[in-house]
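The structure appears right after this line, and notes come after that.
Letters A, B, ... mirror the listed sequences (proteins, then strands); counts begin at 1.
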Amino acid sequence: DVKVTQSSRYLVKRTGEKVFLECVQDMDHENMFWYRQDPGLGLRLIYFSYDVKMKEKGDIPEGYSVSREKKERFSLILESASTNQTSMYLCASSFISGTGELFFGEGSRLTVL
Amino acid sequence: ILNVEQSPQSLHVQEGDSTNFTCSFPSSNFYALHWYRWETAKSPEALFVMTLNGDEKKKGRISATLNTKEGYSYLYIKGSQPEDSATYLCAFNSSSASKIIFGSGTRLSIRP
């Protein structure tokens, strides 16, 4: 069974803290993505990566960075968390060839106080 | 920023009725159009990924059509059931290694 695993389902952090969200996939996918979901706004792309050590900015990269040191792992980093980063974060992965169908993790709900 | 728009934003349908909703996307540099179903407390799951103009795909009571020249896709649900209640997302990408951009979704509620 294919799997995308996100490290934490729920996190509560304080303003200014550094936050790491981890995502691991076991499907040997080249592409990995980080989205955030807010009511009425759908899924907005933060960053994506199509290869190890490669990264591309999405539509809302400000305040975030990413790391892809191994093919199976894609980390989202909030250097200094702020209250407007309270959101649901979804990781997804896909093959670089074929249909590009995305496989999603279960999401990480982050609250920044 | 690429724009993917879905309508309506939400829909309430009586059980047994059929329904449809729309996704519009850029008609240039097209690679694929995706439809996902996102049920509460679960991960989004792919329904269809369509790549060719004129594509029609079907999975049980759900089907989708694609018009890449004019930049729209329709999702149809025949004989809605309570288990169809979910948010339906469409997404567009312009190449196999490009970002995949989502619309804001259509939230479907089925009244028993």
same_hphob_cluster(B:Tyr76, B:Ile110) at 4.5 Å side-chain heavy-atom cutoff = no
Relative to chain B, which segment of A:Tyr47 carries a heavy atom at a distance below 4.5 Å: side chain, backbone, both, or neither?
-> neither
Establish whether A:Ile46 and A:Val66 are linked, either directly or via other cluster members, by ILVMFWY side-chain heavy-atom contacts under 4.5 Å.
-> yes
Would you check if A:Leu43 and B:Tyr36 make a side-chain contact, meaning some heavy-atom pair closer than 4.5 Å?
-> no
If you round to the nearest 0.5 Å, how far is CG of B:Leu89 from CD of A:Gln37?
-> 8.0 Å
Flag if over 12 foreign heavy atoms under 6.0 Å of CZ, A:Arg9 | yes
Same hydrophobic cluster for B:Leu47 and B:Leu108, using side-chain heavy-atom links shorter than 4.5 Å among ILVMFWY?
-> yes
Would you please go through residues 48-70 of chain B and name the residues with a non-hydrogen atom below 4.5 Å from one of chain A, in numerical order?
-> B:Val49
Taking B:Tyr31 for the side chain and A:Gly100 for the main chain, is one N or O donor matched with an acceptor at less than 3.5 Å?
-> no
Separation between CG of A:Leu90 and CZ of B:Phe102, rounded to the nearest 0.5 Å | 9.0 Å
If you group Ile, Leu, Val, Met, Phe, Trp and Tyr by side-chain heavy-atom gaps below 4.5 Å, do A:Phe48 and A:Met32 land in one group?
-> no
For B:Tyr74, enumerate each residue passing the ring pair (Phe, Tyr, Trp, His ring centres under 6.0 Å) test, keeping only those at least two apart in sequence or located in another chain.
-> B:Tyr72
Here the gap from B:Asn93 atom CG to A:Asn31 atom CG, rounded to the nearest 0.5 Å, amounts to 9.0 Å
Which portion of B:Ile100 sits near chain A, non-hydrogen atoms under 4.5 angstrom = both
Could you give the side-chain donor-acceptor pairs of residues 19-28 of chain B under 3.5 Å, partners two or more places apart or in another chain?
none

Atom CD of B:Gln9: over 12 foreign heavy atoms under 6.0 Å | no
Find the one option among A:Gly58, A:Gly107, A:Gly105 whose heavy-atom pairs under 4.5 Å with chain B are most numerous.
-> A:Gly105
Sequence neighbours left out, what passes salt bridge (Lys or Arg N to Asp or Glu O under 4.0 Å) with A:Asp38? Give chain and number order.
-> A:Arg36, A:Arg44
Under 4.5 Å from a heavy atom of chain B, the part of A:Glu30 involved = neither
Is the CD atom of B:Glu15 crowded by more than 12 outside heavy atoms at less than 6.0 Å?
-> yes
